[in-house]
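Letters A, B, ... are given to chains in the order of the sequence lines, protein chains preceding strands, and every chain is numbered from 1.
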There are 2 protein chains.
Amino acid sequence: MKDIARDLGVSVVTVSKVLRNHTDIGEETRQRVLKRIKELNYQPNLTARALATGKTYTVGLVVPDLVHPFFAEVAKGVSAVLRKSGYSLILASSEEDPKLEQQEISRLLARRLDALIIASAQWTVETFRTIEEHKIPYVLVDRRFAGLPANFVGVDDELAGELATTHLVQCGCRRVAHIRGPEVSTGLGRLAGYRRALEQANLKMPPDYIPPATAGDDDSEMRGRTAMRMLLQLDPRPDGVFCYNDPTAIGAMNAILEAGLRIPEDVAVIGCGNVHYDESLRVPLSSIDQQSAVIGRKAGRLTLNLIGAKRPVRPKLILLEPRLVARASTARLLDAARPLTGSRSESSV
Amino acid sequence: MKDIARDLGVSVVTVSKVLRNHTDIGEETRQRVLKRIKELNYQPNLTARALATGKTYTVGLVVPDLVHPFFAEVAKGVSAVLRKSGYSLILASSEEDPKLEQQEISRLLARRLDALIIASAQWTVETFRTIEEHKIPYVLVDRRFAGLPANFVGVDDELAGELATTHLVQCGCRRVAHIRGPEVSTGLGRLAGYRRALEQANLKMPPDYIPPATAGDDDSEMRGRTAMRMLLQLDPRPDGVFCYNDPTAIGAMNAILEAGLRIPEDVAVIGCGNVHYDESLRVPLSSIDQQSAVIGRKAGRLTLNLIGAKRPVRPKLILLEPRLVARASTARLLDAARPLTGSRSESSV
DNA sequence: TTGAAAGCGGTACCAA
DNA sequence: TTGGTACCGCTTTCAA
């Protein structure tokens, strides 16, 4: 920049203004500067600009696991929205570890990002207090916290659980089990939905139809397999099972098939998440669509709004509607065999 | 920082040195400063530090598609390695669009990152020249460019293609087709491997056993389906098919099953990539493991080395060995029915 | 319309 | 061991 100024006999201020196309610059000067910029292939140093303006044009995204298709799709959505507005995305993975997540978040805070988007693995809200102290806006995604009035984008988990369970009931299942997830909003919500659906159907299940979450198994598939094996040993055994998420459901299905039983004739299975290979599985898996890409995009847009806001705004709660996607794994009755929808692409919110 | 200095009656320089635990600071002073830092919960502004030192402690990762499990795993590996060394990761997605990728890269260059890791969608090497001009180190991942002496981490694609094809032949296939990928190093390499394997087996296939890549279909699964339909109409039709990647293979399998044929009895199928749900597919899919996580970690380490290097070092080529993972989709003979390996977790390089 | 000077929040160098 | 000063590259304010 200095060079350009010197070469052209103008000041750095002038160059700076041209770069940000300020209006108060003579047309001729502007052209000369622009020309020289092109020639030198000059690009302003965004680090310096960030220091001077206090805006980094960078947003942080913290997810528990990038490889989980749900978070990958969220990340993609966020990234697409931010890119269009000139923002970059710093990605941090917490590996489902609250401690690690805290460290990552504090590193991001030190970087003075403009905002944070977090799918949190925390148990407490302490970390979020810290973020608030730094006065940088943040958006929670997928998992939320009771009593924390924060911006949130996600799906109505209770409704998701209810939809899934009701679907099983409508498919003729009378002994419906649930393989539950961790004690976070998603897991608890879906569990609550399961219970509500059973209540509405006037069904009562024995407590061991919800196998306890074994501590510290991060591998959802293995968890599903283990839990399903337990369920199959019960008498009477379940004839339908709603699984916390799709990887868990895949594990459960594998356990069922290994036991020599049929899906859905002996046991119907439904998952949650509707990941994109569900249709091609050994038995195509019914699931609840979570609109992951939409969540990503909405979170991105909300974030941009927050950054743009002059004054702190009231936290916004964006709840998307989960949708049933019925496939072979629950096709037990005639009307269930003609599924409501077979593709996942028709989501459009 | 200024505040701390004032509060304690020392200079900012002293505080700065304590922060980076310089040795030449009195123990007592240091303790006082550290105490105050804790009290204020002070964190140095990394933007400012970056401007002063010229090091951002940030690495950029550019991938064609985050949702593709291969790149998600690479990203995870990279992220894990960088985190341990205090680096952050800026993620950019090119959506397989060379133009977009260029834009993203130039934005990253403007941010003065310490290094770039790129799984490129480019057709030419022009972009890389630009990067070189900026004198920031970069590592290519997965896809490489003939005649570009750049750092590279990936798998030997030709060997991958050869392994896959040879496996089909050993399973008793005599009419082996190939659903090819795009004209980038991965696609071309696997195609070359396919040809080499056939040569070694003394087999000759008609040209239409390699359906042409239809332009601009980014959906691998659809591409696999379409290509497979064409193959099934040939006379004689193939009894084995090697697919460019796993999504393509899934599409191909779906086409085969829809045509009322059996896998592997009528047509054996093998993919490439060994994504983590391969085992749970309608027909568990044989594949070539690409060690995506290892690629990510190796690329991360190599990047850190490059950043640490005093002088520019000679580009390093890290070629990992692809491995066959045989599953049901190719289990046609007795010895193939007892697969070499059934899991993907034993990769360990 | 243009530019000089003063920062942004740190680090580096060298003298005290 | 400590600290003054210049500077990283850009923006902002205000005077010319």
B/Asp142: which residues meet the salt bridge (charged side-chain N to carboxylate O under 4.0 Å, His left out) condition with it, sequence neighbours left out? none
Using the ring-ring contact (aromatic ring centres under 6.0 Å, His included) rule, collect all pairs that involve residues 83-107 of chain B, keeping only residues at least two apart or in two chains. B/Tyr57-B/Tyr87
Which angle, to the nearest 10 degrees, lies between the helix axes at the two ends of the helix from C/dT1-D/dA16 to C/dA16-D/dT1, each defined by five pairs? 40°
Anything under 30° is parallel, anything over 60° is perpendicular, the rest tilted; go ahead and classify B/Phe128 against B/Tyr138. parallel
Would you tabulate the side-chain donor-acceptor contacts of residues 119-126 of chain B under 3.5 Å, counting partners in other chains and residues two or more places apart, or write 'none'?
unit_1: B/Ser120; atom_1: OG; unit_2: B/Glu101; atom_2: OE2; d: 2.8
unit_1: B/Ser120; atom_1: OG; unit_2: B/Gln122; atom_2: N; d: 2.8
unit_1: B/Gln122; atom_1: OE1; unit_2: B/Gln102; atom_2: NE2; d: 3.4
unit_1: B/Gln122; atom_1: OE1; unit_2: B/Thr127; atom_2: OG1; d: 3.4
unit_1: B/Gln122; atom_1: NE2; unit_2: B/Pro98; atom_2: O; d: 3.0
unit_1: B/Gln122; atom_1: NE2; unit_2: B/Glu101; atom_2: OE2; d: 3.3

With no hydrogens and no angle check, just 3.5 Å: does a side-chain donor-acceptor pair link B/Thr186 and B/Asp157? no
Between side-chain atoms of residues 302-317 of chain B and protein atoms elsewhere (two or more places apart, or another chain), which donor-acceptor pairs fall under 3.5 Å?
unit_1: B/Thr303; atom_1: OG1; unit_2: B/Ala299; atom_2: O; d: 2.6

Please state how far atom CG in A/Leu8 lies from atom P in C/dG3, giving the value in whole angstrom units. 10 Å
Side chains of B/Thr58 and B/Arg111: is there a donor and an acceptor less than 3.5 Å apart? no
Does A/Arg36 have any side-chain hydrogen bond (donor to acceptor under 3.5 Å, both in side chains) partners at least two apart in sequence or in another chain, and if so, which? A/Asp7, A/Glu39
Opening and closing nucleotides of DNA chain D in contact with chain B, under 4.0 Å to non-hydrogen atoms: D/dT1 to D/dG9
Partner residues of B/Arg6 under the salt bridge (charged side-chain N to carboxylate O under 4.0 Å, His left out) criterion, sequence neighbours left out: B/Asp3
Sugar-phosphate or base contact per nucleotide [nucleotides 9-14 of chain C; S, B, -; heavy atom under 4.0 Å]: BBBB--
When rounded to the nearest 0.5 angstrom, what distance separates NZ in A/Lys55 from CZ in A/Arg49? 11.5 Å
Could you check which residues of residues 25-40 of chain A get a heavy atom under 4.0 Å from DNA chain D? Sort them by number, please. none
All pairs passing salt bridge (Lys or Arg N to Asp or Glu O under 4.0 Å) where residues 15-25 of chain A contributes a residue, at least two apart: A/Lys17-A/Asp24
Sorted by chain and number, sequence neighbours left out, side-chain hydrogen bond (donor to acceptor under 3.5 Å, both in side chains) with B/Arg143 holds for B/Glu96
